[in-house]
Amino acid sequence: MKNLYNLLKKEYGKLGKWWPGTSTEILITAILTQNTNWKNVEKAMENIYKFTTKDNLLFFLYDTPKEKLAEIIKPAGFFNIKAERIKNLLNFLKKRNFNLKYVEKEPNLREKLLKIKGIGKETADSILLYAFEFPIFVVDAYTKRLLKRIYGLNIEDYDKIQELFHKNYPKDTRLYQEFHGLIVEHAKKYCRKKPLCSKCFFGKKCNYLTSPLRTY
Ligand code: SF4
């Protein structure tokens with residue numbers, strides 16, 4: 001577990017922050033990326049930018065009626081739900097004058113984000129880590145899969161997995177940003193739903209082939 005970051009980094013190199021875009025864009029892409037791939041997120045963002053500029057992004061989305069917004073973000077899938085979730089987040093930001101510098105200093109920001117309908121732990125932590133640069137580890141389905149397969153750790157609980165990373169690695173924003181990216185890249189390249197173990201560099205370092213948990 002302690003060497004996971006180094007092993008992944010050795011293979012995939014320096015990914016840096018990994019999540020693209022400005023803080024403002026990340027607030028929106030964190031919702032758009034729910035249950036879809038990044039290409040669809042990009043298409044939805046391209047559609048948005050047919051109507052506005054980067055500087056005006058949040059104001060435009062706030063002023064756009066929900067139905068129209070759903071139409072614009074259609075490529076991201078689940079567009080009605082996502083339009084509503086974006087609106088919920090924008091209402092939260094509007095109450096703070098869309099001032100992200102102010103928002104990031106707000107006490108208990110994570111708890112407040114989690115109270116917004118449609119913002120779960122993964123989305124809230126993605127916003128905190130990548131938009132506001134808090135040292136908080138993002139857990140996703142890929143993270144759970146890797147822990148299960150490589151280390152035989154069958155943990156479903158989000159908080160417990162997050163705690164494991166927080167305990168085993170220094171609380172470092174850049175490290176957590178890159179680490180989450182490395183996990184996603186690995187899960188997409190080799191550790192897919194149907195894993196490509198014969199090609200994977202983990203080889204015998206991975207428990208999967210001998211694990212009694214090998215039912216996934
Ligand atoms: S060896 Fe297979 S199960 Fe293990 S990390 Fe690689 S792809 Fe995943």
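Predicted, not measured: the structure shown is a model, and the values here were computed from it. One-based numbering, in listed order, for ligands and for the atoms of each. Residues take their numbers from the sequence shown, with the count starting at 1.
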* **Taking atom 2 (Fe) of ligand 1 as the reference point, the nearest protein heavy atom with its distance** => Cys197 SG, 2.3 Å
* Structure fact -> Here the pair of heavy atoms bringing Pro75 nearest to Asn40 is O-CB, 3.1 Å
* Asked: Side-chain donor-acceptor pair under 3.5 Å between Asn47 and Lys50, yes or no?
  -> yes
* Structure fact -> Among non-hydrogen protein atoms, atom 8 (Fe) of ligand 1 lies closest to Cys191 SG, 2.4 Å
* Metal proximity, Cys206 vs atom 2 (Fe) of ligand 1, N/O/S cut-off 2.8 Å -> no
* Can a salt bridge be assigned to the pair Glu185 and Lys189 using a cut-off of 4.0 Å between side-chain N and carboxylate O? -> no
* Crowding at CZ, Phe60 (>12 non-hydrogen neighbours, <6.0 Å) -> yes
* Check each atom of ligand 1 against the heavy atoms of Cys200 and keep those under 4.0 Å away; list them by number with element. => 1 (S), 5 (S), 6 (Fe), 7 (S)
* Asked: Between His186 and Phe201, does the ring centroid distance fall short of 6.0 Å?
  -> yes
* Structure fact -> So for His186 against ligand 1, with non-hydrogen atoms under 4.0 Å, the contacting part is side chain
* Asked: So Phe179 and Tyr169, would you call those rings parallel, tilted or perpendicular, with 30° and 60° as cut-offs?
  -> perpendicular
* To do: Answer side chain, backbone, both or neither: which part of Ile150 comes under 4.0 Å from ligand 1, heavy atoms only.
  => side chain
* Check ligand 1 against Arg149 and write out every atom of the ligand that is under 4.0 Å from a heavy-atom position of the residue. => 3 (S)
* Atom indices of ligand 1 within 4.0 angstrom of Tyr208 heavy atoms, with elements -> 3 (S)
